[in-house]
Amino acid sequence: DQQVKQNSPSLSVQEGRISILNCDYTNSMFDYFLWYKKYPAEGPTFLISISSIKDKNEDGRFTVFLNKSAKHLSLHIVPSQPGDSAVYFCADLQQAGTALIFGKGTTLSVSS
Amino acid sequence: NAGVMQNPRHLVRRRGQEARLRCSPMKGHSHVYWYRQLPEEGLKFMVYLQKENIIDESGMPKERFSAEFPKEGPSILRIQQVVRGDSAAYFCASSPDSLQRGYTFGSGTRLTVV
């Protein structure tokens, strides 16, 4: 049973517009969530995170929103740039855990 | 200031052979994690090690797979008698302490079993 779900395998956006990537989770309230970005033939790179005690975290063009009642988080990228084209993974770090639980990823394509 | 180094980048093995994947953590990092990514899947946790200790191996297959992180040298993920289903990208990550937030991944080893 998937604990972290990214239901959209792909997303296409025009340069300058907003990209919204979504993620649903099934575990407890006290988790910690991370977004990773991955280019082909490279390892995932940490992008931004959010603690379950917050509902928003912002870092430059990247903002993550957490809706605890819906067990849903989203990553907003604005404005989107062609260099943002990559696979984005949502990951869940459970409070007592040592492992990240990853979603299957969403491939973002930003066209110029 | 090198990041997490994995080698080889690509490894081809025939069925039944052994595969050894190496990971050198970032300088100052004493915690190592191995993940596997099968085609069209997300990364799946395999094992978490500290120097000379396996802390969590809940994601390791019960047979043929082993991992170590010796006092000196890199962490090794060893797969004995490889099968085609072992073909995947294997990623190593390291962190400086027990906080796993945003730990750093290597570029991975792509294992192909023919």
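Everything numeric here is computed off the predicted structure, so don't read it as measured data. Side chains are part of it too, since the values below use all heavy atoms of this structure and drop only hydrogens, waters and symmetry mates.
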Subject >> Per-residue contact mode, A/Ala41 against chain B (heavy atom under 4.5 angstrom) >> reply: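 For A/Ala41, heavy atoms of backbone and side chain both lie under 4.5 Å from chain B.
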Is there a path from [X] to [Y] through hydrophobic residues (I, L, V, M, F, W, Y) whose side chains come within less than 4.5 Å of each other?
X       : Y       : result
A/Val87 : A/Tyr39 : no
A/Leu73 : A/Ile77 : yes
A/Leu75 : A/Tyr25 : yes
B/Tyr48 : B/Val32 : no
A/Leu66 : A/Phe62 : yes

Original post:
Considering residues at least two apart in sequence or located in another chain, which fulfil the side chain to side chain contact (heavy atoms under 4.5 Å, CB included) criterion with A/Pro82?
Top reply: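 Here the qualifying residues are A/Glu15, A/Val110, A/Ser112.
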Original post:
Who are the side chain to side chain contact (heavy atoms under 4.5 Å, CB included) partners of A/Asn22, not counting sequence neighbours?
Top reply: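 Partners of A/Asn22 under the side chain to side chain contact (heavy atoms under 4.5 Å, CB included) test: A/Ile20, A/His72, A/Ser74.
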**OP:** May I ask you to check whether B/Phe105 and A/Phe46 place their ring centers less than 6.0 Å from one another?
**Re:**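 Ring centres of A/Phe46 and B/Phe105 not closer than 6.0 Å.
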Original post:
Can B/Tyr33 and A/Leu100 be said to form a side chain to side chain contact (heavy atoms under 4.5 Å, CB included), step by step?
Top reply: CA-CA 10 Å; B/Tyr33 314 81; A/Leu100 287 175; over 6 Å; no
Please list, one pair per line, the donor and acceptor atoms closer than 3.5 Å that link side chains of residues 107-114 of chain B to other protein atoms, with sequence neighbours excluded.
from: B/Thr109; atom 1: OG1; to: B/Pro8; atom 2: O; distance (Å): 2.5

Original post:
By number, which residues in residues 34-42 of chain B have some heavy atom less than 4.5 Å away from chain A?
Top reply: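 Result: B/Tyr35, B/Gln37, B/Glu40, B/Glu41, B/Gly42.
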Subject >> Exercise: identify the closest heavy-atom pair between A/Gly43 and B/Phe91 >> reply: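 Reported closest heavy-atom pair: CA-CE2, 3.6 Å.
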